[in-house]
Number of protein chains: 2
Amino acid sequence: MAEKVDHEERRRQIAEALLRIADTEGLQSASMRAVATEAGVSLRLVQYYFTTKQGLLLDALARLGAQLQARMERWIGEARAPREVVTAVLSCILPTDAESRRITRTYAAYYALVLSDPEVLEKQAAQPPVVLEGFLVKQLRAAQEAGGIAPERDVEMAAAGLLAMVNGLGSSVLGGQRTGEQALAVLSHHLDELFRP
Amino acid sequence: MAEKVDHEERRRQIAEALLRIADTEGLQSASMRAVATEAGVSLRLVQYYFTTKQGLLLDALARLGAQLQARMERWIGEARAPREVVTAVLSCILPTDAESRRITRTYAAYYALVLSDPEVLEKQAAQPPVVLEGFLVKQLRAAQEAGGIAPERDVEMAAAGLLAMVNGLGSSVLGGQRTGEQALAVLSHHLDELFRP
DNA sequence: ATTCGCATGGTACAGATGTATCACATGCAT
DNA sequence: ATGCATGTGATACATCTGTACCATGCGAAT
């Protein structure tokens with residue numbers, strides 16, 4: 001019963017079970033046993049591949065981050081002009097389709113955990129936003145130099161504001177106060193406001 | 001040992017103990033026993049005044065909402081002109097001073113809970129944002145008619161964007177990517193952008 | 001053929017958690 | 001004075017949770 005098995009594949013299988021539970025029922029329902037059942041393996045195996053629960057949580061969070069990044073790169077795709085890149089990056093974060101709704105909800109499930117356990121998780125999870133904001137600034141600056149954005153605009157402020165806005169819009173969609181389409185409309189409106197003379 | 005006691009006062013004492021724990025350690029650390037200890041009462045009393053844990057959680061959440069509303073009214077204070085009202089409302093939500101940091105953190109602690117338990121909590125917690133957004137729209141429209149905002153601006157879009165932005169800025173402050181002052185600067189910048197000819 | 005390490009199953013254990021139950025004291029109405 | 005409702009304490013109980021431990025099957029190297 002002990003064929004050489006692909007460790008990475010097993011870890012992926014288990015971690016994604018965790019993410020599925022976090023998405024649908026929240027992290028508080030993600031016990032080791034629940035994860036094992038969801039992944040279709042025994043509790044022992046979850047312990048075997050991720051010694052501790054924190055290990056599992058961290059690994060799954062890293063995978064979630066990778067999924068979001070993959071989605072962003074896919075959405076950027078053939079986008080070439082800065083405005084298209086910015087639009088792609090921002091709108092792909094909004095919970096509009098099934099995948100982004102899943103990712104957003106799962107991140108939300110992690111949110112409280114990250115806040116209450118600053119030491120360990122902060123380093124792992126706090127980087128993406130910062131990096132992304134820098135990327136946005138670069139794109140906006142390029143658009144500005146190309147004349148797509150008024151020269152007197154402060155692109156760093158704009159980038160920070162847009163990113164925060166998308167984040168907040170996502171929360172409102174998850175909270176049921178807005179549909180994904182409405183959130184997207186709000187974003188588009190502000191992008192129109194930014195990209196002009 | 002059974003003097004007629006002020007029920008509301010006891011409930012307040014216990015509910016605030018829960019909020020204090022939610023703020024500092026997160027809701028996952030807020031067990032009935034922990035709340036009892038924090039409030040300086042016995043476990044039995046927590047059960048007595050709030051029969052069930054869900055009752056306690058809901059009551060505390062309502063109190064948190066009341067605290068935020070009280071803070072907003074206090075911040076609006078003598079503000080008279082629409083722009084001042086809007087600035088007050090939005091900036092008082094940002095985690096800049098101790099009180100708003102506490103409120104924001106505590107709301108964040110509830111966030112995951114609300115998302116994973118939509119039925120019961122949604123009605124109680126989802127109203128403030130909607131009401132607030134309507135209020136903002138009215139203020140912005142008034143400013144627009146007074147000439148403080150360009151007539152071609154879509155104030156509903158602007159209100160939605162600003163509220164989402166403040167929400168997102170708050171998250172970034174809590175996540176340690178920005179200080180409260182920096183978040184306030186981003187907000188001010190966008191208000192300057194909105195309030196013109 | 002024996003040995004060793006990897007993969008897996010089963011289960012135990014200690015602690016925490018929400019809730020229920022029993023007990024008892026005190027104040028107020030009768 | 002008696003009785004009933006109120007406020008409070010102590011504790012029990014069933015369940016869940018993370019982790020540890022023991023056993024065993026199998027492939028590969030010796």
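None of the values given here were measured: they were computed from a predicted structure. Below, all heavy atoms of this structure are taken into account, side chains as well, without hydrogens, waters or symmetry copies. The chains referred to below are lettered A, B, ... by the order of the sequence lines, with proteins before strands, and numbering in each begins at 1.
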Whole Å only: how far is the [atom1] atom of [X] from the [atom2] atom of [N]?
| X | N | atom1 | atom2 | answer |
| --- | --- | --- | --- | --- |
| Met32(A) | dA14(C) | CE | P | 21 Å |
| Gln28(A) | dG18(C) | CD | P | 13 Å |
| Leu18(B) | dG18(C) | CG | P | 10 Å |
| Leu57(B) | dT17(C) | CG | C1' | 13 Å |
| Glu8(B) | dG7(D) | CD | C1' | 17 Å |
| Lys53(A) | dC16(D) | NZ | C1' | 11 Å |

Check: Looking for any heavy atom pair under 4.0 Å, which part of the strands does Tyr49(B) touch: base, sugar-phosphate only, or nothing?
Finding: sugar-phosphate
Kindly say if [X] contacts the phosphate of [N], meaning a side-chain N or O under 4.0 Å from OP1 or OP2.
| X | N | result |
| --- | --- | --- |
| Tyr48(A) | dT8(C) | no |
| His7(A) | dC6(C) | no |
| Arg10(A) | dT8(C) | yes |
| Thr52(B) | dT19(C) | yes |
| Thr51(B) | dT19(C) | no |

Note to self: I need a per-nucleotide contact map over nucleotides 10-15 of chain D, read 5' to 3'. Cutoff is protein heavy atoms under 4.0 Å; write B for the base, S for backbone only, - otherwise.
What the structure shows: B-B---
Spell out, as yes or no, whether a donor-acceptor pair under 3.5 Å connects the side chain of [X] to the backbone of [Y].
| X | Y | answer |
| --- | --- | --- |
| Arg33(A) | Leu43(A) | no |
| Arg196(B) | Ile149(B) | no |
| Arg71(B) | Cys92(B) | yes |

Notebook entry, point to check: Leu64(A) pairs by side chain to side chain contact (heavy atoms under 4.5 Å, CB included) with which of Leu18(A), Leu19(A), Asp59(A)?
Noted result: Leu19(A)
Next item on the list: For Arg141(B) and Gln144(B), test the side chains for any donor-to-acceptor distance below 3.5 angstrom and give the result as yes or no.
Entry: no
Item checked: Distance-only donor-acceptor check, side chains Gln13(B) and Arg10(B), under 3.5 Å -> yes
Check: Of the nucleotides dG9(D), dT8(C), dT19(C), which one has an atom closest to the side chain of Leu45(B)?
Finding: dG9(D)
Next item on the list: Quick one: closest heavy-atom pair of Ser91(B) and Leu184(B), and the distance?
Entry: CB-CD1, 3.4 Å
